[in-house]
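For reference, the structure is listed below as structure tokens.
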Amino acid sequence: MTVALMWEARAAQDRGAELLEWARRQELAPAPSRRETFRAPEDRVLVVTWWDAAYDAELPELPEPPEGLARRAVHRWRFEQV
């Protein structure tokens, strides 16, 4: 089964580039089978990772950004491929 984990954060005022670079530097161990990083208006950053695992498997996820870097708590979603 393929599971996709989505991590989305909105940067603090004028810190979008910094949040994007921080997210790109975060390593996951073990590494996912695929990982993509996106950005959107309003300084949003989205990271999607794909895993060959059961839906409820314990998988590494990106952490919360350092204090002051994000405008709000990170949003997280988990999906299974159908």
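These figures come from a predicted structure and were not determined experimentally.
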Mind listing the closest non-hydrogen atom pair of [X] and [Y] along with its distance?
| X | Y | result |
| --- | --- | --- |
| D43 | R15 | OD2-N, 4.4 Å |
| P60 | W51 | CG-CH2, 3.4 Å |
| W7 | A23 | CZ3-CB, 4.2 Å |
| Y55 | E80 | CD1-CB, 3.8 Å |
| V3 | A54 | CG2-O, 3.5 Å |

> Would you say the side-chain atoms of R71 pair up with the backbone N or O of R10, donor to acceptor, closer than 3.5 Å?
Replying inline: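 Checking the backbone N and O of R10 against the side chain of R71, no donor-acceptor pair under 3.5 Å is found.
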To the nearest 0.5 Å, tell me how far [X] [atom1] sits from [Y] [atom2].
| X | Y | atom1 | atom2 | answer |
| --- | --- | --- | --- | --- |
| R24 | L19 | CZ | CG | 12.0 Å |
| R39 | L20 | CZ | CG | 6.5 Å |
| T49 | L59 | OG1 | CG | 7.5 Å |

> Hey, mind stepping through E18 and L69 against side-chain contact (heavy atoms from CB on, under 4.5 Å) and telling me if it holds?
Replying inline: CA-CA 8 Å; E18 188 179 349; L69 187 55; 3.7 Å; yes
>> Test: side-chain hydrogen bond (donor to acceptor under 3.5 Å, both in side chains). Region: residues 26-35. Which pairs qualify, not counting sequence neighbours?
In response: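 Of all non-adjacent pairs touching residues 26-35, those that pass side-chain hydrogen bond (donor to acceptor under 3.5 Å, both in side chains) are R34-E36.
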>> Can you confirm whether more than 12 heavy atoms, excluding those of E58, are under 6.0 Å from its CD atom?
In response: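 No, the 6.0 Å shell around CD holds no more than 12 heavy atoms from other groups.
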>> Test question: given the 4.5 Å side-chain rule for I, L, V, M, F, W and Y, name all other residues clustered with W50, or answer none.
In response: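 Members besides W50, by chain and number: M6, F38, L46, V48, W77, F79.
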> Do R44 and E8 touch side chain to side chain, with heavy atoms closer than 4.5 Å?
Replying inline: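 R44 vs E8: side chains touch.
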